[in-house]
Visitor: 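Provided herewith is a single structure, encoded as structure tokens, for subsequent inquiry.
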Amino acid sequence: MKITFYGHATFGIQIKDIHILVDPFITGNENASEIDIETLKADYILVTHAHQDHILDVEAIAKRTGAVIVSNYEIVNHFQEKDLEGHPMNHGGSWDFEFGNVKYVNAIHTSSFPDGSYGGQPGGFIIEGEHKTIYIAGDTALTMDMKLIPMQTKLDLAILPIGDNFTMGIEDAIIASDFIDCDKILGCHFDTFGYIEIDHEEAKRKFYDKDKDLMLLEIGASMEL
């Protein structure tokens, strides 16, 4: 499993020959100006919620690639009305896709489209590939529901928001890593706006002091599980 960071909360995940894109917000992110969305591969696009900083480039990429949009019912319906292909899910539900099993889990946040219309309830994803399992929390506060995850699944990596203000901050993300029983964390949702700028070294140190590994990838950089 190869994971590439495209800035903010946008990730590319490659499982064998399948390309998954998560929450594509690139053209509106000045920090990701070197990323050309026309070059991105996508067989599936996973969307955690409807805020603009998570859906901005969904339509353009899906039209070019024919990607299947996976999200809650309201978001998928929104894009299906634009003649794009989608697979609707809801909280607690799971589905076996060609690349592995995906479960849509709870997140505490808000969810509305840029025009203010209802975007369903926000969520996160657990992706069980052939050999590795990851948790993509989406935009969320710390929640006790996270404790349910290790009761069913052993995680190899968790992608958690750490920018504070709109989501969990560093301290809550450390607690979240305890709740999900995963000490290998990939951070997201930081530095894009003034509200969510963080001190990288301090964040890493706080995780390290708790015997945890916080990874902060440069935009365009990749890691492998």
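Keep in mind it's a predicted model, so treat the numbers as computed, not measured.
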Visitor: Can you confirm whether Ile13 sits close enough to Ile15 that some side-chain heavy atom of one is under 4.5 Å from a side-chain heavy atom of the other?
Guide: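 Ile13 reaches Ile15 side chain to side chain.
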Visitor: Could you pull out every donor-acceptor pair under 3.5 Å between side chains of residues 153-164 and any protein atom, sequence neighbours left out?
Guide:
residue, atom, partner, partner atom, Å
Asp156, OD2, Thr133, N, 2.8

Visitor: Compute the ring centroids of Phe11 and Tyr6, then answer whether they are less than 6.0 Å apart.
Guide: no
Visitor: Is a side-chain donor-acceptor pair under 3.5 Å present for Asn29 with Thr192?
Guide: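 Judged by distance alone, the side chains do not pair up.
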Visitor: Just by distance, no angles: are the side chains of Asp96 and Asn101 close enough, under 3.5 Å, to form a donor-acceptor pair?
Guide: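 Present: a donor and an acceptor within the cut-off.
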Visitor: Strictly distance-based, threshold 3.5 Å: is any side-chain N or O of Asn72 a donor or acceptor partner for the main-chain N or O of Gln121?
Guide: yes
Visitor: Rounded at 0.5 Å granularity, tell me how far OG1 in Thr4 sits from CG in Leu217.
Guide: 8.5 Å
Visitor: Could you note down all residue pairs passing ring pair (Phe, Tyr, Trp, His ring centres under 6.0 Å) where residues 141-177 supplies at least one of them, sequence neighbours left out?
Guide: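 The answer is Phe166-Tyr195.
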Visitor: Any side-chain heavy atom of Ile126 within less than 4.5 Å of one from Ile136?
Guide: no
Visitor: Between the side chains of Lys103 and Gln152, does any donor sit under 3.5 Å from an acceptor?
Guide: yes
Visitor: Compute the ring centroids of Tyr73 and His87, then answer whether they are less than 6.0 Å apart.
Guide: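 That pair fails the under 6.0 Å test.
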Visitor: With a 4.5 Å cut-off on side-chain heavy atoms, are Thr140 and Met168 touching?
Guide: yes
Visitor: Does a salt bridge link Asp183 with Lys210, judged by any charged N lying under 4.0 Å from a carboxylate O?
Guide: no
Visitor: So, for His54 and His109, is the gap between ring centers shorter than 6.0 Å?
Guide: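 His54 vs His109: aromatic centres not under 6.0 Å.
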Visitor: Which residues pass the side-chain contact (heavy atoms from CB on, under 4.5 Å) test with Pro150, sequence neighbours left out?
Guide: Asp181
Visitor: His51 vs His49 aromatic rings, parallel, tilted or perpendicular, using cut-offs 30° and 60°?
Guide: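 Judged by the thresholds at 30° and 60°, the geometry between His51 and His49 is perpendicular.
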Visitor: Between Thr27 and Asp57, do the side chains contain an N or O donor and an N or O acceptor separated by less than 3.5 Å?
Guide: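 Side chains of Thr27 and Asp57: pair found under 3.5 Å.
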Visitor: Answer yes or no: does atom CG of Asp209 have more than 12 heavy-atom neighbours from other residues, nucleotides or ligands under 6.0 Å?
Guide: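 Atom CG in Asp209 is packed in, count exceeds 12.
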Visitor: Heavy-atom distance under 4.5 Å between the side chains of Ile127 and Phe99, does that happen here?
Guide: yes
Visitor: Please tell me whether Phe190 and His200 form a close aromatic pair, meaning their ring centres lie under 6.0 Å apart.
Guide: yes
Visitor: Just to verify, what does Phe125 make a ring-ring contact (aromatic ring centres under 6.0 Å, His included) with, not counting sequence neighbours?
Guide: Tyr104
Visitor: With a 4.0 Å cut-off on N to O distance, would you call Glu130 and Lys16 a salt bridge?
Guide: yes
Visitor: As an exercise, state the distance from CG of Leu40 to CD1 of Ile35, rounded to the nearest 0.5 Å.
Guide: 7.0 Å
Visitor: What are the two closest heavy atoms between Gly119 and Glu74, and how far apart are they?
Guide: C-CB, 4.0 Å
Visitor: Taking C-beta and beyond as the side chain, do Val68 and Asp43 meet within less than 4.5 Å on heavy atoms?
Guide: no
Visitor: I need the minimum non-hydrogen distance between Ile55 and Ala50, along with the two atoms involved.
Guide: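 Heavy atoms of Ile55 and Ala50 come nearest at CD1-O, 3.4 Å.
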Visitor: Inspect the contact between Glu59 and Lys63 and indicate whether a charged nitrogen and a carboxylate oxygen are less than 4.0 angstrom apart.
Guide: yes
Visitor: If you group Ile, Leu, Val, Met, Phe, Trp and Tyr whenever their side-chain heavy atoms sit less than 4.5 Å apart, what else falls in with Leu148?
Guide: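 Met151, listed by chain and number.
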Visitor: Inspect the surroundings of CD in Glu38 and state if more than 12 heavy atoms from other residues, nucleotides or ligands are less than 6.0 Å away.
Guide: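 Enclosed.
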Visitor: Would Lys147 count as a cation-pi partner of Phe179, with NZ or CZ less than 6.0 Å from the six-membered ring centre and within 45° of the ring normal?
Guide: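 Output yes; distance and angle both within limits.
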Visitor: Not counting sequence neighbours, which residues clear salt bridge (charged side-chain N to carboxylate O under 4.0 Å, His left out) with Glu85? List them please.
Guide: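 Expected list: none.
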Visitor: Minimum heavy-atom separation for Ile45 and Val58, please, with both atom names.
Guide: CD1-O, 3.9 Å
Visitor: Please walk me through it: do Phe193 and Asp53 pass side-chain contact (heavy atoms from CB on, under 4.5 Å)?
Guide: CA-CA 11 Å; Phe193 320 114; Asp53 60 326; 4.1 Å; yes
